[in-house]
Engineer: 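Here it is, the structure, as structure tokens.
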2 protein chains.
Amino acid sequence: MECKPEFQTDRKKEMMAVHDAMDVLNGKWKIYIISSICHYNKRRFSDILNDVTGISNKMLSKELKELEINKLIERTVLDTHPITVQYELTKHGKTLKTIIDNLTAWGMEHRKEVTGKNQQE
Amino acid sequence: MECKPEFQTDRKKEMMAVHDAMDVLNGKWKIYIISSICHYNKRRFSDILNDVTGISNKMLSKELKELEINKLIERTVLDTHPITVQYELTKHGKTLKTIIDNLTAWGMEHRKEVTGKNQQE
DNA sequence: CCGGATCCCTTGCGATACTG
DNA sequence: CAGTATCGCAAGGGATCCGG
């Protein structure tokens, strides 16, 4: 039932790597959140809440936590009167920009490819 | 409640483009399927079924259909005794390789970044 | 061999309300 | 302001069987 590992080690590793990457970007919101923070450099909770159309505070909270665990963003609590929390991309998080740019470019090409007329598939 | 569209047109377009791209790669299986076909150039249904660990025929069937709709793969029915179906990437589908490679590279870096020891987060 | 149909369980995620 | 808690639906996806 199992192929001998030696025969597919490289492919398997590739697969796993892709899987890891996709795992970080799972759900409906992650890239938008990253994209938002990336664009503004530093961003507060409620600002992101506003940037990302349609997300709920519960989701945002959950997603941010996951991103933090994955070392993509850093959370800083500011000692203002009503608490303020700032999020920013880590050095590692910033390396995602390449991928986002790639996806952006590809997405535009794709839209042209699939249909030249409408804007929402 | 709505920002004036003119102020965010480019950002919105970027968002949409990323969304389009992610939409094509949604679900648990798409990239693995593409990756499989890409690696072998042409691939039959049951071969892919074997390549992609854990996928069910129902899922594979569904995913392939979506990929075909999105013009990423091409389906060819071969007139053999028991029917045979071959899938291959379209020219457009092949442009995804860049992204997959990117994700692969990033995924490897990510694993190192998050933890240097284990292999499954 | 290819893949559709059905059944069912799990998960994602939205809405709302509440706390420090 | 920044989150947490609870509820509940609907989509995703696995197992199995069926038909061309």
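Just so it is clear, the structure is predicted and the values come from calculations on it, not from any experiment. Chain naming here is simple, since letters A, B, ... match the order of the sequence lines and numbering starts at 1 in each.
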Engineer: Please tell me which of N57(B) and K62(B) maps to the more 5' nucleotide of DNA chain D, matching each residue to the nucleotide holding its nearest heavy atom.
Structural biologist: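 Result: K62(B).
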Engineer: Starting at CE of M59(B) and ending at C1' of dA5(C), how long is that distance when rounded to a whole Å?
Structural biologist: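 Distance, rounded to whole Å: 13 Å.
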Engineer: Would you list the pairs meeting ring pair (Phe, Tyr, Trp, His ring centres under 6.0 Å) in which at least one residue belongs to residues 37-84 of chain B, sequence neighbours left out?
Structural biologist: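 Residue pairs with at least one partner in residues 37-84 of chain B: there are none.
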Engineer: Can you check the N50(B) CG to dC2(C) P distance for me, whole Å?
Structural biologist: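 Answer to the nearest Å: 11 Å.
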Engineer: From dC2(C), dC13(C), dG14(D), pick the nucleotide closest to the side chain of K28(A)?
Structural biologist: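 Of the candidates, dC13(C) comes closest.
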Engineer: Over how many whole Å does the gap from L60(B) atom CG to dA5(C) atom P extend?
Structural biologist: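 Between P of dA5(C) and CG of L60(B): 16 Å.
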Engineer: Classify the nucleic acid contact of G27(A) as base, sugar-phosphate or nothing, counting any heavy atom under 4.0 Å across all strands shown.
Structural biologist: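 Here G27(A) touches the backbone only, sparing every base.
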Engineer: Roughly, in whole Å, what's the span from CD1 in I48(A) to C1' in dA2(D)?
Structural biologist: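 Those two atoms, CD1 and C1', are 11 Å apart.
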Engineer: Rounded to the nearest Å, what distance is computed from the NZ atom of residue K65(B) to the P atom of nucleotide dC2(C)?
Structural biologist: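 One finds 15 Å between P of dC2(C) and NZ of K65(B), rounded.
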Engineer: So which of residues 30-44 of chain B are in contact with DNA chain D, with a heavy-atom cut-off of under 4.0 Å?
Structural biologist: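 By residue number: none to list.
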Engineer: Roughly, in whole Å, what's the span from CG in L49(B) to C1' in dC1(C)?
Structural biologist: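 Result: 11 Å.
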Engineer: Using atom CZ of F45(A) as one end and atom C1' of dA2(D) as the other, report the distance to the nearest whole Å.
Structural biologist: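 About 6 Å, once rounded to whole Å.
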Engineer: Is a side-chain N or O of N102(A) found less than 3.5 angstrom from the main chain of T98(A), in a donor-acceptor match?
Structural biologist: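 Flag set: sc N102(A) to bb T98(A) pair under 3.5 Å.
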Engineer: Give a yes or no on whether V24(A) and M108(B) share a hydrophobic cluster (residues Ile, Leu, Val, Met, Phe, Trp, Tyr; joining criterion: side-chain heavy atoms under 4.5 Å apart).
Structural biologist: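 Per the 4.5 Å side-chain linkage, V24(A) and M108(B) are not co-clustered.
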Engineer: Can you measure N26(A) atom CG to dT11(C) atom C1' for me and round it to whole angstrom units?
Structural biologist: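 Computing the N26(A):CG to dT11(C):C1' distance gives 12 Å.
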Engineer: Just by modelled atom types, is the K71(B) backbone N or O under 3.5 Å from a matching donor or acceptor in the T90(B) side chain?
Structural biologist: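 Judged by distance alone, yes, a pair lies under 3.5 Å.
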Engineer: Looking only at the side chain of S46(B) (C-beta and beyond, no hydrogens), which of the listed nucleotides dA2(D), dG14(C), dC2(C) gets closest?
Structural biologist: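 For S46(B), the side-chain atoms sit closest to dC2(C).
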Engineer: With sequence neighbours left out, what residues match E109(B) under salt bridge (charged side-chain N to carboxylate O under 4.0 Å, His left out)?
Structural biologist: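 In terms of salt bridge (charged side-chain N to carboxylate O under 4.0 Å, His left out), with neighbours along the sequence ignored, E109(B) is linked to K112(B).
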Engineer: Rounded to the nearest 0.5 Å, how far apart are SG of C38(A) and CG of D101(A)?
Structural biologist: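 Answer for the SG-CG pair, C38(A) versus D101(A), is 8.0 Å.
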Engineer: Of all the choices, dA2(D), dG14(C), dG14(D), which nucleotide is nearest to the side chain of S56(B) once you look at every atom?
Structural biologist: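 Between dA2(D), dG14(C), dG14(D), the one nearest the side chain of S56(B) would be dG14(D).
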Engineer: Does S61(A) make a side-chain N or O approach to OP1 or OP2 of dT4(D) shorter than 4.0 Å?
Structural biologist: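 Answer is yes, contact under 4.0 Å.
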Engineer: What about K58(B), does its side chain sit under 3.5 Å from the base of dG14(D) through a donor-acceptor pair?
Structural biologist: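 In this structure, the two groups form a donor-acceptor pair.
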Engineer: So, S36(B) side chain and Y32(B) main chain: donor-acceptor pair closer than 3.5 Å or not?
Structural biologist: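 Not a single qualifying donor-acceptor pair exists.
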